[in-house]
Amino acid sequence: MIIVLKPDCSQQKTDEFCRLLKDNYNVKVNTWNGVHSTVLGLIGDTTAIDIDYIDAQDFVESVKRVQEPYKKANRKFHPDNTVIELANGVKIGDGSLQIMAGPCSVESEEQIVGIAKSVKDSGASILRGGAFKPRTSPYSFQGLKAEGLDLLKEARKATGLPIVTEIMKESHIDMFESVDIIQVGARNMQNFELLKELGKTNKPILLKRGLSATIEEWLMSAEYIMAGGNNNVILCERGIRTYENFTRNTLDVSAIPIVKSLSHLPVVVDPSHASGKAWLVEPLAMAAVAAGADGLIIEVHNDPAHALSDGAQSLTPAQFDKVAKKLFKLKDALSREDD
C-alpha cells in the first residue's frame with residue numbers, strides 16, 4: 001500500500017502517523033520525501049487496513065494498494081528518479097547521458113590504459129572492463145582475475161575514469177572494495193545469495209537483465225539488493241534470448257520506457273552484447289537513447305580481430321569516437337525538444 005501525504009503535512013504529524021501504522025497494523029513503513037510530497041510505502045500484510053479510514057485523514061492526499069511484488073524498486077513508492085552519483089561527480093539518472101566504454105576483457109596494462117585514455121577523449125565518463133569473465137566454454141579465456149582488477153585501477157589512476165567490472169561470487173566482494181560500480185552479469189541476475197550480499201554494501205550495482213528474464217523478474221532481482229539496504233542499483237538491458245538467431249540476442253528497446261514507468265531506478269543499455277555485431281552497435285545505441293536510456297555500456301578494443309573475447313562486437317577507438325559524437329548530438333536534440 002502507498003500513501004501520499006499532502007505537501008503541508010508536518011514532520012511531527014508524519015512521524016505520529018507512521019507510528020500508528022506500525023503499532024496498529026504490524027507493517028513496515030518506508031518514507032520517501034519527494035520534491036512536492038511525502039510518500040509512505042507500507043510493506044507487509046495490509047489486508048486488515050481500512051483504506052477508507054486512511055483516505056479520510058485530512059493530511060492524506062491519496063492512498064492505494066499495490067499489486068506488484070517489488071516495493072522498493074517501485075516508482076509508486078518512490079516517484080522521483082533515483083540518481084546514482086560516483087566519487088568523481090558523474091551522475092547516472094539525472095537526465096544526462098553517461099557512456100561506459102572499454103574492452104570486454106582486460107588483457108594488459110598497455111591495452112587497458114590506452115583504451116581508457118581513448119574513450120575518455122571521446123566523451124566516455126566510465127571505464128568498463130572484465131577482470132573475471134564467465135564464458136560459455138570452459139576452454140575460453142576466463143580473464144586475468146585479481147591482476148585484471150589491479151590493471152583497471154591503474155587505468156583509473158591514469159585517466160580519472162571510474163571503473164565498472166563484473167563480480168562472480170560472494171567471496172569476491174572484498175576484492176571489489178575499490179571498484180566504483182560492481183556489475184552483476186546476466187547469468188547471475190538470479191544468484192540471490194550474491195544479490196543479498198551486495199545489498200549489504202553501499203556500492204552502485206549494475207544489474208544486467210537475465211537471458212530470458214521477464215521485466216518483473218529483473219525488478220525482483222533489484223529488490224533483493226535494495227531489501228538488504230543498498231538502493232544504488234542501475235538496471236542494464238542487454239538483450240534477451242528469442243527465436244531470432246541473426247543477432248547474439250534481441251535488444252528489448254520497449255523495456256526501457258516500460259521499466260522507467262514502473263521503477264525509479266536508472267536504465268543503461270548494452271548494445272554490444274545485445275547484437276554481437278560491431279556494425280549494429282551504433283543503430284541500437286541510437287534507438288536506446290531515443291527510448292530514454294540514462295546511459296550505454298559499449299565494448300571498445302584497440303584490436304578487435306585479436307581480442308581474447310568478444311572481438312566481433314567490439315568497436316575500435318576510432319569507430320567509438322564517431323558513434324559517441326552521434327549519441328551526444330542525439331541526446332542534445334532530444335533535450336532541446338523536452339525544453
Side-chain angles (χ1 to χ4, degrees), residues 68-70 72-75 81-82 84 92-93 98-101 104 126 128 130 132-136 164-169 181-196 198-199 203-227 230-245 247-277 280-281 284-285 287-299 310 313:
E68 296 90 353
Y70 48 91
K72 292 181 177 293
N74 200 319
R75 185 174 287 280
N81 291 332
T82 286
I84 308 295
I92 305 172
Q98 303 298 341
I99 301 181
M100 309 172 185
C104 178
I126 300 165
R128 65 141 294 150
F132 294 84
K133 293 303 302 177
R135 306 298 298 278
T136 302
V164 54
T165 191
E166 183 172 353
I167 194 168
M168 297 295 293
K169 52 186 178 180
I181 303 175
I182 299 176
Q183 175 183 311
V184 176
R187 295 172 178 85
N188 271 322
M189 189 204 82
Q190 290 185 311
N191 183 342
F192 299 126
E193 294 306 314
L194 173 60
L195 300 182
K196 289 176 186 177
L198 291 173
K203 289 281 184 183
I205 308 298
L206 181 71
L207 179 65
K208 286 200 166 187
R209 185 179 181 183
L211 302 178
S212 303
T214 66
I215 287 174
E216 183 171 294
E217 289 169 341
W218 186 18
L219 290 172
M220 286 304 293
S221 289
E223 194 80 4
Y224 263 93
I225 299 170
M226 300 175 76
N230 185 357
N231 295 318
N232 299 311
V233 179
I234 305 162
L235 299 170
C236 181
E237 163 60 40
R238 44 80 70 204
I240 54 176
R241 180 169 292 171
T242 67
Y243 291 110
E244 183 53 65
N245 59 13
T247 52
R248 182 173 182 175
N249 298 285
T250 298
L251 181 64
D252 186 1
V253 178
S254 67
I256 303 166
I258 291 172
V259 169
K260 290 181 76 68
S261 71
L262 297 174
S263 177
H264 53 89
L265 299 174
V267 180
V268 167
V269 172
D270 181 349
S272 302
H273 279 89
S275 64
K277 301 177 185 295
L280 279 173
V281 169
L284 294 186
V289 172
D294 297 292
L296 297 158
I297 180 165
I298 296 175
E299 292 194 351
D310 289 346
Q313 65 195 37

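For the pairing with Val233, the side-chain contact (heavy atoms from CB on, under 4.5 Å) check across Val184, Leu198, Leu265 returns one residue only, Leu265. Evaluated for a side-chain contact (heavy atoms from CB on, under 4.5 Å) with Cys236, the options Leu206, Ile205, Leu207 yield exactly one hit, Leu206.
The two residues Ser263 and Ala73 make their nearest non-hydrogen contact at OG-O, 2.6 Å. Closest approach of Trp218 and Ala255 over heavy atoms only: CZ3-CB, 4.4 Å. The minimum heavy-atom distance between Ala222 and Leu235, with the atom names listed, is CB-CD2, 4.0 Å. In this structure, Leu262 and Ile215 approach most closely via the heavy-atom pair CD1-CG2, 4.1 Å. Of all heavy-atom pairs between Met189 and Ala213, the closest is CE-CB, 3.6 Å. Of all the heavy atoms in Ile84 and Pro266, the pair that sits closest is CG1-CG, 3.9 Å.
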Go through the steps for Gln313 and Lys277 under the test side-chain contact (heavy atoms from CB on, under 4.5 Å), then give the verdict. CA-CA 4 Å; Gln313 65 195 37; Lys277 301 177 185 295; over 6 Å; no

When you look at Val269 and Ile256, which way does the side-chain contact (heavy atoms from CB on, under 4.5 Å) test go after all the steps? CA-CA 8 Å; Val269 172; Ile256 303 166; 3.5 Å; yes

Would you sort out whether Ile182 and Thr165 count as a side-chain contact (heavy atoms from CB on, under 4.5 Å), showing the intermediate values? CA-CA 6 Å; Ile182 299 176; Thr165 191; over 6 Å; no

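Residue pairs meeting the salt bridge (Lys or Arg N to Asp or Glu O under 4.0 Å) criterion with at least one partner in residues 289-299, sequence neighbours excluded, are Arg128-Glu299, Lys260-Asp294.
Every residue two or more places apart in sequence or in another chain was checked for a side chain to side chain donor-acceptor pair (under 3.5 Å) with Lys133, and none qualifies. In this structure, the side chain to side chain donor-acceptor pair (under 3.5 Å) partners of Lys208, at least two apart in sequence or on a different chain, are Asp270. Under the side chain to side chain contact (heavy atoms under 4.5 Å, CB included) criterion, Tyr224 pairs with Phe192, Leu195, Lys196, sequence neighbours left out. Applying the salt bridge (charged side-chain N to carboxylate O under 4.0 Å, His left out) test to Arg75 and every residue at least two apart in sequence or in another chain returns nothing. In this view, Asn188 and Asn191 satisfy the side chain to side chain donor-acceptor pair (under 3.5 Å) rule, not counting sequence neighbours. When the salt bridge (charged side-chain N to carboxylate O under 4.0 Å, His left out) test is applied to Lys203, no partner is found at least two apart in sequence or on another chain. Residues meeting the side chain to side chain contact (heavy atoms under 4.5 Å, CB included) test with Gln98, sequence neighbours left out: Val90, Ile92, Ser96, Ser125. Glu166 is linked by a salt bridge (charged side-chain N to carboxylate O under 4.0 Å, His left out) to nothing, counting only residues two or more places apart in sequence or in another chain. Checked against side chain to side chain contact (heavy atoms under 4.5 Å, CB included), Asn74 has the following partners two or more places apart in sequence or in another chain: Val66, Glu68, Tyr70, Lys76, Phe77. The side chain to side chain contact (heavy atoms under 4.5 Å, CB included) search around Asn249 returns Leu211, Arg238, not counting sequence neighbours. The side chain to side chain donor-acceptor pair (under 3.5 Å) check on Thr247 picks up nothing, with sequence neighbours excluded.
Using a 4.5 Å cut-off on side-chain heavy atoms (C-beta onward), Ile181 and Ile126 make contact. Counting heavy atoms from C-beta outward, Asp252 and Arg209 have side chains that approach closer than 4.5 Å. Considering only heavy atoms from C-beta on, Met220 comes within 4.5 Å of Pro69 through its side chain. Val289 places a side-chain heavy atom less than 4.5 Å from the side chain of Leu296.
Atom CD1 of Ile99 sits about 5.5 Å away from atom CD1 of Ile298, to the nearest 0.5 Å. Atom-to-atom distance recorded for Ile297:CD1 and Ser272:OG is 8.0 Å, nearest 0.5 angstrom. The CD atom of Gln183 sits 10.5 Å away from atom CE of Met168, with the distance rounded to the nearest 0.5 Å. Atom CE of residue Met226 and atom OG of residue Ser221 lie 12.5 Å apart, to the nearest 0.5 angstrom.
Between Glu223 and Lys72 there is no salt bridge, since no side-chain nitrogen of the basic residue lies less than 4.0 Å from a carboxylate oxygen of the acidic one.
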